[in-house]
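What follows is a single structure, written as C-alpha cells, with notes after it.
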Amino acid sequence: ISPGIRFRLGSSYHDYLEEFYRGKGIFAAQTGFYAAVRATRFLIIQPELLYETKGSEYPEGNFRTHSLTVPLNLLISSPDRGGSGVMTFLQIGGYYSRHFTGKAGGSTIDFTTEYDNQEYGITYGFGFQVMRFQYGLYFQRALSGIYRDQDQKVIHDHVYFQMGFAF
C-alpha cells in the first residue's frame, strides 16, 4: 500500500440533459488523500478521500457546492520495468459526494427541499507516474441530478489536471 496526497484543479459545469444546454464552467478543485494498492502487475486499486468545490455559472450567478468526495478507481498500469519508477496508466471508477454547504446566486443552497445533498457518478482518466509524483487528466460525470425533483435532469460534469505525491 502506497498512501499519498492528491490535488486536482480544473473546471466544472452543469449539463442540462433535456434542454440541450450546458452551463458555463467555473473553477473546481479537489484535495485530500489516496492509497494505491497494487492488486496485480498491471492493476492498482486507488481509493481516495477528498474535499471538493465545484459548480457552474447560471443566469442568477454562480452555483457552487462544497463536498466530501470519495472516488474509487481502478488503474490499468504499465509495469515498472527495471525499477525505473516510471509508469503510465488508464483509470476508471466511480465516486460518491456528500455536499455539506453551497451557494446559488449568493444565497445558501437549500439541501432539504430543493437540491440533493448527495451525488454519485463515474470517473475516468489517464496519466503517468515518475518516481513518487503522479500527473494526469481526470474526468468526473455525475449520474445523479443536482435537484431532489428527478424530473429536472441537471448533472455536474468536471475535468481536472491531477497531481499526486506518494509517501
Side-chain angles (χ1 to χ4, degrees), residues 4-36 46-76 88-129 133-166:
I5 56 173
R6 163 87 61 229
F7 302 99
R8 290 190 179 113
L9 302 173
S11 177
S12 68
Y13 60 88
H14 289 149
D15 197 353
Y16 296 74
L17 299 177
E18 294 181 351
E19 298 178 26
F20 304 105
Y21 172 76
R22 185 169 93 175
K24 187 174 179 182
I26 64 172
F27 175 76
Q30 295 180 334
T31 187
F33 302 97
Y34 75 93
Q46 190 167 272
E48 302 176 51
L49 180 60
L50 307 167
Y51 160 77
E52 178 177 41
T53 181
K54 62 188 174 195
S56 188
E57 190 176 303
Y58 74 121
E60 289 81 32
N62 282 347
F63 179 99
R64 178 170 296 283
T65 58
H66 299 273
S67 316
L68 183 62
T69 299
V70 182
L72 179 60
N73 291 299
L74 179 65
L75 278 65
I76 303 164
T88 58
F89 61 87
L90 297 173
Q91 67 187 80
I92 188 164
Y95 74 94
Y96 170 80
S97 289
R98 173 81 172 180
H99 311 306
F100 52 87
T101 189
K103 291 206 178 239
S107 301
T108 300
I109 294 175
D110 178 9
F111 287 118
T112 58
T113 57
E114 187 175 0
Y115 295 98
D116 199 346
N117 66 347
Q118 300 181 64
E119 178 182 317
Y120 60 89
I122 60 171
T123 62
Y124 55 96
F126 59 91
F128 63 95
Q129 182 168 320
F133 296 93
Q134 194 179 86
Y135 304 96
L137 278 178
Y138 181 79
F139 303 88
Q140 275 183 205
R141 180 154 176 93
L143 298 176
S144 60
I146 66 169
Y147 293 105
R148 287 192 176 272
D149 178 4
Q150 296 301 318
D151 291 338
Q152 298 183 49
K153 305 288 186 200
V154 180
I155 63 169
H156 273 120
D157 232 335
H158 326 75
V159 61
Y160 293 107
F161 172 71
Q162 71 178 358
M163 301 156 284
F165 178 77

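Only heavy atoms go into these numbers, but all of them, side chains included; no hydrogens, no water, no symmetry mates.
Looking only at distances, a side-chain donor or acceptor of S144 sits under 3.5 Å from a matching main-chain atom of Y120. Side-chain atoms of S11 never come within 3.5 Å of backbone atoms of F27 as a donor-acceptor pair (strictly under, hydrogens ignored). At least one donor-acceptor pair under 3.5 Å links the side chain of T53 to the backbone N or O of T65.
Between R148 and T112 the shortest heavy-atom distance is NE-O, 3.4 Å. When every heavy atom of T108 is checked against every heavy atom of K103, the shortest pair comes out as OG1-NZ, 4.2 Å. Closest approach of S67 to H99, counting heavy atoms only: OG-ND1, 2.6 Å. Of all the heavy atoms in G125 and F139, the pair that sits closest is CA-CD1, 4.4 Å. For the residue pair T69 and S97, the shortest heavy atom distance occurs at OG1-OG, 2.8 Å. Closest approach of Q140 to D157, counting heavy atoms only: O-OD1, 3.2 Å.
Between T123 and L72 there is no side-chain heavy-atom pair separated by less than 4.5 Å. Between E60 and S107 there is no side-chain heavy-atom pair separated by less than 4.5 Å. Counting heavy atoms from C-beta outward, L9 and M163 have side chains that approach closer than 4.5 Å. Inter-residue side-chain proximity for F100 and N117 is flagged as unmet; no heavy-atom pair is nearer than 4.5 Å. Put simply, the side chain of Y58 does not reach to within 4.5 Å of the side chain of H14, judged on heavy atoms. Contact check for R8 versus E52: no side-chain heavy atoms found under the 4.5 Å cut-off. Side-chain contact between N73 and Y34 is absent, with no heavy atoms from C-beta onward closer than 4.5 Å. The shortest side-chain heavy-atom distance between Q162 and Q91 falls under the 4.5 Å cut-off.
Note: T88 OG1 to I76 CD1 = 11.0 Å, rounded to the nearest 0.5 Å. To the nearest 0.5 Å, atom CZ of residue R98 and atom CG of residue D116 are 9.0 Å apart. The CZ atom of R141 lies 7.5 Å from the OH atom of Y124; values are rounded to the nearest 0.5 Å. Rounded to the nearest 0.5 Å, atoms CG (L50) and CZ (F33) are 10.0 Å apart. A distance of 9.0 Å separates CD1 in I122 from OH in Y95, rounded to the nearest 0.5 Å. Between the CD atom of E119 and the OH atom of Y96 there is a distance of 10.0 Å, given to the nearest 0.5 Å.
No more than 12 heavy atoms of other residues, nucleotides or ligands lie within 6.0 Å of NZ in K24, so this atom counts as exposed by the packing criterion.
Under the 30°/60° scheme for interplanar angles, the aromatic rings of F133 and Y135 are found to lie parallel.
Just one residue in the list F111, F63, Y115 forms a ring pair (Phe, Tyr, Trp, His ring centres under 6.0 Å) with Y147, and that residue is Y115.
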